[in-house]
Asks: 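Sharing a structure with you now.
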Amino acid sequence: MKKFFAVLLATVLMLSCVAVFAACDKKDDNKTTADTTAADTTADTAPVEGEKAVLKMGTNAYFQPYEFYEGEKIIGIDAEIAAAIAEKLGMTLEIVDMEFDSIITAVNAGSVDFGMAGMTVTEDRLKEIDFSVSYANGVQAIIVKEDSAIAHVDDLYAEGASYKVGVQLGTTGDIYATDDFGKDNVTTYSNGNEAVLALKGGSVDCVIIDNEPAKALVAANPGLKILETTYANEDYAICVKKGNSDLLDKINAAIVDLTEDGTIAGIVAKYIK
Ligand code: ARG
């Protein structure tokens, strides 16, 4: 059996994940901007006298419990940790929702200041962007129908097996599955909800996605289950434009502080019970 492990960077903490959540509703508009602080959301990041400067976060808000919609607002572990970081920096957080595979480009183009999206640190991504210290860890899980013939991750690699795998475009699940099973056996979707709909409809045999979003998706979609065996272990971190050490240093210092004073653990405990 082939296993993949994303690179382990300096890890501030390892958060284990054990909860079940109702999945977020699918939003038609996948490009909305949500502001966690209810402040003015102008695109101008230059500070106006007497007003806090805006710190823009790029994310993909279909990833409960890390980022998801509650009404018009994007909430979740990442949204709250980012708000706490912005507060430490004396700035106002603005969250910009986009396709997951656009985040790195947006960070490098400067349309957002950083990316935070349950994003896994990988060697390939490190060639394009810089990552903060890790603030959480994740596991790639496999979702199947309750009556599926796939009982174990090894079944996907069995002699003669050719299962169809659904993934979110540009995620590590996509990258690893494409590498393992070939492009023809992997179908990419804009988000996990769409991949799960495809699984229910029978166009794919399983969905590979991070374990906490997997739990939320299974809780919201009866008839599905998560295989007990996992696919890969990963570290989540914040990304900034390559070479933006000024912002990276500030984010790292904030993560260390927020870890030490228990803020991050408190936020995680609120979403993962
Ligand atoms: N951890 C995976 C990755 O980095 C999936 C992240 C997807 N995140 C999201 N907000 N949709 O590739």
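Excluded from the calculations below are hydrogen atoms, water molecules and symmetry mates; all remaining heavy atoms, backbone and side chain alike, are included. On a predicted model such as this, the values are computed, not experimentally measured, just so you know. Numbering of ligands and ligand atoms starts at 1, following listing order.
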Asks: With Tyr236, which of Asp78, Asp210, Thr120 fulfils side chain to side chain donor-acceptor pair (under 3.5 Å)?
Replies: Asp210

Asks: Which atoms of ligand 1 sit under 4.0 Å from any heavy atom of Asp210?
Replies: 1 (N), 2 (C), 5 (C)

Asks: I'd like to check which ligand 1 atoms, numbered from 1 as shown, lie under 4.0 Å from a non-hydrogen atom of Glu234.
Replies: 1 (N)

Asks: Looking only at the side chains, is there a donor atom on one of Thr172 and Gln140 sitting less than 3.5 Å from an acceptor on the other?
Replies: yes

Asks: With atoms numbered from 1 as shown, which atoms in ligand 1 lie under 4.0 angstrom from a non-hydrogen atom of Thr171?
Replies: 5 (C), 7 (C), 12 (O)

Asks: Is it true that Gln168 and Ser190 share a donor-acceptor pair across their side chains at a distance under 3.5 Å?
Replies: no

Asks: With a 4.0 Å cut-off on heavy atoms, is Tyr62 touching ligand 1?
Replies: no

Asks: Can you sort out which atoms of ligand 1 are near Ala117, meaning under 4.0 Å from one of its heavy atoms?
Replies: 6 (C), 7 (C), 8 (N), 9 (C), 10 (N)

Asks: Output all residues satisfying ring pair (Phe, Tyr, Trp, His ring centres under 6.0 Å) with Phe181, sequence neighbours left out; order by chain, then residue number.
Replies: Tyr157

Asks: Under the salt bridge (charged side-chain N to carboxylate O under 4.0 Å, His left out) rule, collect the residues that match up with Asp130, sequence neighbours excluded.
Replies: Lys242

Asks: Examine the proximity of ligand 1 to Tyr236 and report which part, side chain or backbone, both or neither, has a heavy atom under 4.0 Å away.
Replies: side chain

Asks: Looking at ligand 1, is there an atom of it that comes within less than 4.0 Å of some heavy atom belonging to Gly118?
Replies: yes

Asks: What atoms in ligand 1 come closer than 4.0 Å to a heavy atom of Gln168?
Replies: 7 (C), 11 (N)

Asks: Side chain, backbone, both or neither: which part of Arg125 has a heavy atom under 4.0 Å from ligand 1?
Replies: side chain

Asks: Among all protein heavy atoms in this structure, tell me which lies nearest to atom 11 (N) of ligand 1, with the distance rounded to 0.1 Å.
Replies: Asn60 OD1, 2.9 Å

Asks: Could you state whether Val139 and Ile272 fall into the same hydrophobic cluster, counting links through intermediate Ile, Leu, Val, Met, Phe, Trp or Tyr residues with side-chain heavy atoms under 4.5 angstrom apart?
Replies: no

Asks: Tell me whether Ser148 contacts the main-chain N or O of Val144 through its side chain, where contact means a donor paired with an acceptor under 3.5 Å.
Replies: no

